[in-house]
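As structure tokens, the structure follows; a few thoughts come after it.
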Amino acid sequence: MSDLFAPSPADEPRARALNPDQEPLAERLRPKRLADVIGQDHLTGPEGAIGRMVAAAKLSSMILWGPPGTGKTTIARLLADAVGMRYVSISAVFSGVADLRKAFAEAESMATIGRRTLLFVDEIHRFNRAQQDGFLPFVERGVVTLVGATTENPSFALNAALLSRAQVLILHRLDPAALTKLLSRVEEETGVILPLTPPAREALVASADGDGRFLINQAEMLLDVSLPAPLDPAGLSKFLMRRMAVYDKDRDGHYNLISALHKTLRGSDPQAALYYLARMLVAGEDPMFVLRRLVRFASEDIGLADPQALIQCLAAKDAYDFLGSPEGELAIVQACLYCATAPKSNAAYKAQKAAFASARETGSLSPPSNILNAPTKLMKDIGYGADYAYDHDAPDGFSGADYWPEGMTRQTFYRPVERGFEREVLRRLEWWDKKRTERP
């Protein structure tokens, strides 16, 4: 019979391949200390949340939220080492309730001999609500310190009860400086200089789109072959079978062009907007990157001044998905021109910021009881839904009721402008405001 209190396999050093050189380069480059983690100094530095926890030798449960290839798994492993905890890792993709029960049972057993357990759950958002609830008693009792990793917004992907017991830490996409540093580590580890011209090196960094693991894998492909001469951007694109954008020497071309496109759209200059769009697509930029910006622009800078703008941009995305390049790029041009020539308003954008700020300040105030649903007798008995004014029964289909939490004055977040469809929206709001003052 195996020793119940023996270290679990997950607690033992990670097994290496028989020949270390056969390990994937990304694994060989995995940092050995938190100080070696690239691009997340806001968390791992002395003043960061993780840096302070490690300095105090006391970890709280946390959710690491960030894009792929930014170091979530690495940070979890290094956290356990830094504070002397067992490291147990499971994946929500491959694990189920039985695996969780086993992990919790082992953690409880190890706790009896003073061994604390850090339970790392990769892709934690893939667990359903019931499975997420299963973590709660073990986190509350300190049986495990939970470190979850997710690429999805925790506000939507995770239970509120679980979020209240864990700190959400946001990992950033790796910026060009961090990715360039990562390429230098590749060359130090392998002792080989990547066979790229400076412009091609910049194009390789830009193509990673903030994903360090992707960058290392691309570099590994380059190191596996012998090339007669360094590759330029065109040669790199052909070698990796991936379109490479052309970037200027200061490595800002990618961001400069998308910024120029956004501002020319905002400035209602369809000719200049089309020029910068063409610059990006001809250079080999990912059309989906451009489409994401157009969709954002339609909401941020047009909003309800022309609600069709968002529909046009999403239709362009669907058309490009359906047709691909080059035929689908015409739909992107159409969306670009529509946005450039549409009436502009940032009222919805400003309303979002104001409403979110108010929500953070007012905490968990309950809505008034008269607008709460009462599906049970108990809820009815305590006043849920009582005296609710059904607007369709009121004059003009408008009751003028007060829907704000008790103790909170009425707020005005959305202030439509006198342009486009928002001119009509403004008239509606003014009419409703007038009716409110006339009715109790």
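For the pair K344 (side chain) and C339 (backbone), a donor-acceptor distance under 3.5 Å is present. Here the side chain of S358 pairs no donor or acceptor atom with the backbone of A354 at under 3.5 angstrom. For the pair S61 (side chain) and L146 (backbone), a donor-acceptor distance under 3.5 Å is present. Side-chain atoms of Q411 come within 3.5 Å of backbone atoms of T409 as a donor-acceptor pair (strictly under, hydrogens ignored). Here the side chain of K72 pairs a donor or acceptor atom with the backbone of G66 at under 3.5 angstrom. For N128 (side chain) and A130 (main-chain N/O), a donor-acceptor pair under 3.5 Å exists by modelled atom type. No donor-acceptor distance shorter than 3.5 angstrom exists from the side chain of E285 to the backbone of L257, with no hydrogens or angles considered. Remark: the backbone N or O of M110 is not paired with any side-chain donor or acceptor of R86 at under 3.5 angstrom.
Comment: E187 engages R201 in a salt bridge, judged by a side-chain N to carboxylate O separation of less than 4.0 angstrom. Between R30 and E27 there is a salt bridge, since a side-chain N of the basic residue sits under 4.0 Å from a carboxylate O of the acidic one. Looking at E300 and R266, a side-chain N of the basic residue comes within less than 4.0 Å of a carboxylate O on the acidic one, giving a salt bridge. The pair D133-R129 does not count as a salt bridge, with every side-chain nitrogen at least 4.0 angstrom from each carboxylate oxygen. For R52 and E47, the salt-bridge test fails: no basic side-chain N is under 4.0 Å from an acidic carboxylate O. Classification of R141 and E108 as a salt-bridged pair holds, one side-chain N sitting under 4.0 Å from a carboxylate O. Contact check on D36 versus R33 returns a salt bridge, with a Lys/Arg side-chain nitrogen under 4.0 Å from an Asp/Glu carboxylate oxygen.
Within 6.0 Å of atom CZ in R415, 12 or fewer heavy atoms from other residues, nucleotides or ligands are found, so the atom counts as exposed in its surroundings.
Of all heavy-atom pairs between G69 and D211, the closest is CA-OD1, 3.2 Å.
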Which is it for L79 and L118 under the side-chain contact (heavy atoms from CB on, under 4.5 Å) test, yes or no, and what are the steps along the way? CA-CA 8 Å; L79 271 174; L118 185 152; 4.0 Å; yes
Take W65 and E152 through the side-chain contact (heavy atoms from CB on, under 4.5 Å) test and state the conclusion after the steps. CA-CA 7 Å; W65 173 28; E152 304 294 328; 5.7 Å; no
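Applying the ring-ring contact (aromatic ring centres under 6.0 Å, His included) rule to F135 yields the partners F104, F127; only residues at least two apart in sequence or on another chain are considered.
Below 30°, between 30° and 60°, or above 60°: for H262 and F297 the angle between ring planes is above 60°, a perpendicular geometry.
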